[in-house]
Amino acid sequence: MASFPVSSSLTICVLFLVIGSTSAQLSTNFYYHSCPNLFSTVKSTVQSAISKEARMGASLLRLFFHDCFVNGCDGSVLLDDTSSFTGEKRAAPNFNSARGFEVVDNIKSAVERACPGVVSCADVLAIAARDSVEILGGPRWDVKLGRRDARTASQAAANNSIPPPTTNLNALISRFSAVGLSSKDLVALSGSHTIGLARCTNFRARIYNETNNLDSSLARTRQSNCPSVSGSGDNNLAPLDLQTPTNFDNNYFKNLVNRRGLLHSDQQLFNGGSTDSAVRAYSNNPGSFASDFAAAMIKMGDIKPLTGSKGEIRKNCRRVN
């Protein structure tokens, strides 16, 4: 460990404050006194939304991913376009794809009734993602809180930061590394594709052009609802996990081992590369996947949060105060 002269003790304190500032200010009990009913308020609204449409759990989880990967977990994905910026909703990874914004509005309204002006939209999204996973049968984890909301959003940053479904393994590892996530985190977090649906436009090239790493029966099944011609049936949907699309389990990894990953980027995780062993391990051990997924979600939630006096607590998640 590096040694410092006694006279630099103040410098040491400042260093520790700077080094620890991004994650140390987030805590699991941040709203313990200021909003004691926060968790029950969020969960009841998420539960209601998932009861109406099971797919909504995957949609809320995906919003949190797409928020954190673009300039950190700051609620920027929720902002509507304004005259001064084009937001992330119209970025390629989100346009006609990201959904659940109305549910987030409902959650925020309920939270505002319980404790006005206290809880950020970024934190609402983090809790909703955790609750969605738990409600659909996945692990529970203690969500770290204390994020504040961004006052702007960036379509360009969203286009450049979120990996598209055509991404190969090296690029996936690079995109995750850029936000401080390891290849182990990449594999664990990709397991979120054990729930939810994908649009034809995102898997068309795979089911018609890839043969070496694609189960032929899956290709035939998906081709029946996804025409080969671009522009035809682009928004037709298919489950990312054919077996249990509304249960959070480890079937996603079993599918990859059997060459049944729906997206090109999914199957890249098990295609003779460096992540094959992790995929196989998770396919055989659901408990290991669950614990590693929870740990990776906490780690992802630590990406560049706005804390202290930065940002704001939005009253309406769609626009700045």
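- In the displayed structure, F85 atom CZ is contacted under 6.0 Å by more than 12 heavy atoms of other residues, nucleotides or ligands.
- Here the two rings, on Y282 and F293, have centers that are 6.0 Å apart or farther.
- Residues D241 and N255 bring a donor and an acceptor atom of their side chains to less than 3.5 Å of each other.
- In terms of modelled atom types and a separation under 3.5 Å, the side chain of D81 and the main chain of G87 share a donor-acceptor contact.
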message: Run T28 and V143 through side-chain contact (heavy atoms from CB on, under 4.5 Å) and show every step you take.
response: CA-CA 6 Å; T28 56; V143 181; over 6 Å; no

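- Few gaps surround CZ on R318; more than 12 heavy atoms of other groups in view lie less than 6.0 Å from it.
- Without hydrogens or angle criteria, K108 side chain to V119 main chain gives a donor-acceptor distance under 3.5 Å.
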query: Could you walk me through whether F253 and T194 pass the side-chain contact (heavy atoms from CB on, under 4.5 Å) check?
result: CA-CA 8 Å; F253 299 103; T194 188; over 6 Å; no

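- The pair K89-D80 counts as a salt bridge, with a side-chain nitrogen and a carboxylate oxygen less than 4.0 angstrom apart.
- Going from atom CD of Q47 over to atom OG of S40 covers 13.0 Å, rounded to the nearest 0.5 Å.
- Taking CG from D149 and CG from L79, the interatomic distance works out to 8.0 Å, rounded to the nearest 0.5 Å.
- Using the six-membered ring where Trp is involved, Y252 and H193 have ring planes that are perpendicular, over 60° apart on the 30 and 60° scheme.
- Atom CZ of R280 and atom CG of D276 lie 7.5 Å apart (nearest 0.5 Å).
- Side chain to side chain, S76 and E88 meet the donor-acceptor criterion of an N or O pair below 3.5 Å.
- Under the 3.5 Å distance criterion, with hydrogens and angles disregarded, no donor-acceptor pair is assigned to the side chains of S309 and R148.
- N235 and R199 share a donor-acceptor pair across their side chains, judged by distance under 3.5 Å alone.
- Between D234 and R204 a salt bridge is recorded (basic side-chain N to carboxylate O distance below 4.0 Å).
- A donor atom on one side chain and an acceptor atom on the other are not found under 3.5 Å apart for T45 and N106.
- Judged purely by distance below 3.5 Å, without hydrogens or angles, the side chains of T41 and R113 never pair a donor atom with an acceptor atom.
- A donor-acceptor pair is defined here as one N or O able to donate and one able to accept, closer than 3.5 Å; no such pair exists between the side chain of K43 and the backbone of L38.
- Side-chain contact, N94 with R99: no donor N or O sits under 3.5 Å from an acceptor N or O.
- Considering only heavy atoms from C-beta on, D185 comes within 4.5 Å of K299 through its side chain.
- The side chain to side chain donor-acceptor pair (under 3.5 Å) search around N71 returns none, not counting sequence neighbours.
- Counting only N and O atoms by type, the side chains of N251 and T244 include a donor and acceptor under 3.5 Å apart.
- Side chains of V187 and F289 form no contact here, defined as non-hydrogen atoms less than 4.5 Å apart.
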